[in-house]
Amino acid sequence: MTTRTDDVGGTLLEGLTNPQREAVRHVDGPLLILAGPGSGKTRVVTRRAAYLASVVTKPWHVLAITFTNKAAREMEERIAALGSSEGMTVGTFHAFCARLLRIHHERIGVPRNFTIVDRDDRRKVIKAAVATCGLSTDNYPAPVGDHIISNAKSELHTASQFAGLDLDWQQKAYARIYAAYEQLMLDMDALDFDDLLMKVALVLQRDADFRADLQDRYRYILIDEYQDTNTAQYAIANLLAEGHNNLCATGDPDQSIYGWRGANIENILAFERDHPDTVVVRLEQNFRSTKRILSAADQLIAANIQRKEKSLWSDLDEGAAVRVVECEDGGGEAEWVSRDIARQIRDGVPPSDVAVFYRVNAMSRSLEEALLRDGIAYQVARGVEFYNRKEIKDVWAYLRVLVNPSDDVSLLRIINTPTRGIGATTVKRLVAKAEEAGVRPAQLILETDDLGFLGRSGAKVKEFAELLRALRLLVEKPAPNALAEVMSLSGLRAMYNQELLLDDAPRANLDELHAAASQFQLEYPDATLVDWLEHAALVSDIDGIHDEERGTVTLMTLHAAKGLEFSVVYIVGLEEGMLPFRRRDEEYVDWEEERRLLFVGMTRAKHRLTLLRAKYRMLRGMTERTVRSPFLGELPSEELEWVLTEAAQPWGARAKKNNGLPPDIAEWQPGTLVRHPQLGLGQILTLSRGVRRSHASVHFKNGKRETFVLEFADLERVDFDDVG
DNA sequence: AATATTCCCGTTTTT
DNA sequence: CGGGAATATT
């Protein structure tokens, strides 16, 4: 191992602790950075990358892989701020692989304009594959096949290899489905997320020249969140590092929470075995949490067996005890949290410094209602939700078809969207005919003059073919322009304009998509539509735009919380079966992973941490008595403070608090102006009146949209004249 | 072909 | 309880 100190004036080592410096200065040979929560890992990694790129070698010899695109973007920015990063490759495994596949498509053996299918589309293809095999989706549900195929690919098992494994009769059926699925994907020039990794891993294994080229190009490799890598990612990292052996892995086995998705914690646990002469750096000083919070978390995780010993310590204040609150039911729990947040905000804590974590998304509902009632602005971290919106997927499908007409899933999605009189029967005939002729449906309707076999619908399909022809001319256009044209040519714009009065969310989302496309074009002026499609298929955080939406409390799952920090944190649902989570008819629980999940959640908190539990919880329509989570018993009692809740108010009493519905509710309608004590002036978008609950979604002057339960919210009608 | 109704089932999720 | 998908109805 060599170390050099001749970096640019030593600035890259400034303000670092000794272990941090050691990690930054390490140059050659395998390096494992075990980074506890809040230990300044990002700082170390970015400085080391900058050091390698500016002092040791050239930026283009450095490859940095992150877990998410967001992390990649942040790392890139931070490295850039430290000096020249131009030419360095920073991205996720998937983005990196997708790029390799585009550039070397011929050599690797993938279609030039391949489409990347998401999970929903993939399930549709699997369904089709099940049918092809003459099986029923009743016995072979798409989600199960999805899971099996995805796991096989993560383990680098091709369809034929998978079939060659020692399988029971049911797995054998899935092996056939896998093979059929691969054929369909091949026909459609489509790749799924797992393919991106598998194709690259396999070509690296088989093509020594290709491997050597890449090894020479990427002489220093950094893999972040190594505890969350799967077998395919592990293979890629190690094949690239073979020879020069400059592989740096960073991560924390205690924060491995994606085992259910194929991540293999062994990858990091066995790093030193895989790479003799590894230098291990432990970052154990925590710069985030108070002593008592850290000590509680540290003691919890000590119960795990599968880990690498670390002793976390903090130089910060003792801080307050970790509060444990046992509430009567889920509603009471939400109310307690909401009230306490209100108190914190009154005491000067900025709402954006507050977060509530839960194990399952379904638990956000009661919290949202309570926060709404108390007039506390919040946002729910929603992951890929944006791209799952129907309107987004629709436009998306148009764009994908115009780039790759073989993309049958997208074609079938748009053929009757907006409705143009091409129904299920017609589509079925079309698909059958195409199969018979051995062509893609798009090809068939574009190249066949006589569509008589479709009966009366033939004319409609002909019209659709004309639309397809018109769309194909857009391929060369920049993304925002193509998007706009697609909107009008397809009739989607007209459709949504018509629906605008009912619900303007789709329109707003489409505007947002357009804004994202424009933004992309601005950033990469030479980019084509294909580039944008790939970017957007891999980058799920368009709603990173909402990052700027500061000033609100954040609600999210424990999984989503990884990597973040908040001053005040609440974790709800500490009950047996919820945290740890237990599937209804499954006895198996990965206790260690569940414990890590709680550990991740707890270590997000800087100053105040509160754990809550409800004695009764309603799930799937039934209220059940719960059992306290065993994890609570594993926490050091000296760091805990058990909070007594006031006797639970009967539910009805709370509901009546605001005298129910506003008196003049009968006069309310979409368009009515209303005022909210915190959010100010707004306009009603939609109203729905239920038997027990009425909802209104309101568009506020500041551009925000919120939905309220009218029985609880302090909304009052404002006359137009009052507004001025 | 489009809409209404019933039925079923229920983690976590980035790419 | 509530959303999505499969099924029944017009």
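Below, read A as the first sequence line, B as the second, and so on, with proteins coming before strands; counting in each chain starts at 1.
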Lys/Arg N to Asp/Glu carboxylate O, A:Asp195 vs A:Lys153, below 4.0 Å
yes
Is the base of B:dT15 stacked against the aromatic ring of A:Phe93, taking ring centres under 5.5 Å apart and planes under 30° as the test?
no
Under 4.0 angstrom, heavy atoms only, what part of the nucleic acid is A:Gly621 near: base, sugar-phosphate, or nothing?
base
Taking the minimum atom-to-atom distance to the side chain of A:Leu538, which one of B:dT15, B:dT12, C:dG2 wins?
B:dT15
Give a yes or no on whether the backbone of A:Asp254 and the side-chain of A:Gln227 come within a donor-acceptor separation of less than 3.5 Å.
no
Using whole Å, what does the distance between atom P of nucleotide B:dT12 and atom CG of A:Asp590 come to?
16 Å
How long is the line joining CZ of A:Arg583 and C1' of B:dC9, in whole Å?
10 Å
Using a distance-only criterion (donor-acceptor N/O pair, under 3.5 Å, no hydrogens), is the base of B:dT14 paired with the side chain of A:Arg261?
yes
Rounded to the Å, how far apart are A:Arg617 CZ and B:dG10 C1'?
16 Å
Does A:Ala424 reach a base, just sugar-phosphate, or nothing at all? Heavy atoms under 4.0 Å.
sugar-phosphate
State, without any angle test, whether A:Asp224 and A:Thr66 hold a side-chain donor-acceptor pair at a distance under 3.5 Å.
no
Out of B:dT12, B:dT13, C:dC1, which has the shortest distance to the side chain of A:Ala560?
B:dT13
Do A:Tyr358 and A:Tyr570 have ring centroids that are under 6.0 Å from one another?
no
Measure from CZ on A:Arg73 to P on B:dT15 and round the result to the nearest Å.
10 Å
Think A:Thr92 has a side-chain N or O under 4.0 angstrom from the OP1 or OP2 of B:dT14?
no
More than 12 heavy atoms of other residues, nucleotides or ligands under 6.0 Å from NE2 of A:His147: yes or no?
no
Please tell me if A:Asn230 has a side-chain N or O lying less than 4.0 Å from either OP1 or OP2 of B:dT14.
no
Side-chain N or O of A:Lys127 versus OP1/OP2 of C:dA6: is the shortest distance under 4.0 Å?
yes
When we call it a touch if two heavy atoms are under 4.0 Å apart, what does A:Asp192 touch: a base, just sugar-phosphate, or nothing?
nothing
Counting side-chain heavy atoms from CB outward, which of B:dA1, C:dG2, B:dG10 is closest to A:Arg620?
B:dG10
To the nearest angstrom, the CG-C1' distance between A:Asp120 and C:dG3 comes to 14 Å
Counting side-chain heavy atoms from CB outward, which of B:dT13, B:dA2, B:dT15 is closest to A:Tyr258?
B:dT13
From B:dA1, C:dC1, B:dT11, pick the nucleotide closest to the side chain of A:Met618?
C:dC1
Cationic tip of A:Arg99 within the cone over A:Phe96's six-membered ring, i.e. under 6.0 Å and within 45° of the normal?
no
Looking for any heavy atom pair under 4.0 Å, which part of the strands does A:Arg119 touch: base, sugar-phosphate only, or nothing?
base
Among B:dT15, B:dT13, C:dG3, the one nearest A:Phe193 by side-chain distance:
B:dT15
When you measure from the side chain of A:Thr68, which nucleotide among B:dT14, B:dT12, B:dT13 comes out closest?
B:dT14
Grab the CD-P distance between A:Glu624 and C:dC1 for me, whole Å please.
14 Å
OP1 or OP2 of B:dT11 sitting under 4.0 Å from any side-chain N/O of A:Thr557?
no
What is the separation between atom CG on A:Asp146 and atom C1' on B:dT14, rounded to the nearest whole Å?
14 Å
Using whole Å, report how far CG of A:Leu101 lies from P of B:dT15.
17 Å
Counting heavy atoms from C-beta on, name the nucleotide in B:dT13, B:dA1, B:dT14 closest to the side chain of A:Trp260.
B:dT13
Whichever of A:Arg420 and A:Leu597 has its nearest DNA chain B nucleotide further upstream toward 5':
A:Arg420
Under 4.0 Å from OP1 or OP2 of B:dT12: is there any side-chain N or O of A:Asn361 that close?
yes
side-chain contact (heavy atoms from CB on, under 4.5 Å), that's the test. Do A:Glu225 and A:Lys562 meet it? Break it down for me.
CA-CA 11 Å; A:Glu225 307 281 15; A:Lys562 192 170 78 164; 3.7 Å; yes
